[in-house]
Amino acid sequence: MTGPSNPDPDPRDLPEGRTLSGETPPAESGTSTGTGPYRPPRRGWAAGPLVIIWSLAILCALFFLVYAIVLAAD
């Protein structure tokens, strides 16, 4: 009993540097950076999130400063 017939030759059996007839390169990607209209990148963060982050950082620093003063006063 013979195995199923395969019309495509095994690429490992071809000499080096030779390609199969009809073999095509992979298709181009549609997600390249050149697609769509040009929009210049925005610089930095918006003011709102930066104000919130800085205020939280200052509040945390003040909390630990007060905590350290209370511990040192005991």
Check: residues 66-74 side-chain donor-acceptor pairs under 3.5 Å, at least two apart:
none

Contacts under 3.5 angstrom, residues 50-59 side chains, donor-acceptor by atom type, not counting sequence neighbours:
from: Ser55; atom 1: OG; to: Val51; atom 2: O; distance (Å): 3.0
from: Ser55; atom 1: OG; to: Ile52; atom 2: O; distance (Å): 2.8

Subject >> Under the side chain to side chain contact (heavy atoms under 4.5 Å, CB included) test, residues paired with Pro40 that sit two or more places apart >> reply: Tyr38
Original post:
Linking Ile, Leu, Val, Met, Phe, Trp and Tyr by side-chain heavy atoms under 4.5 Å, what else ends up with Phe64?
Top reply: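 Phe63, all in the cluster of Phe64.
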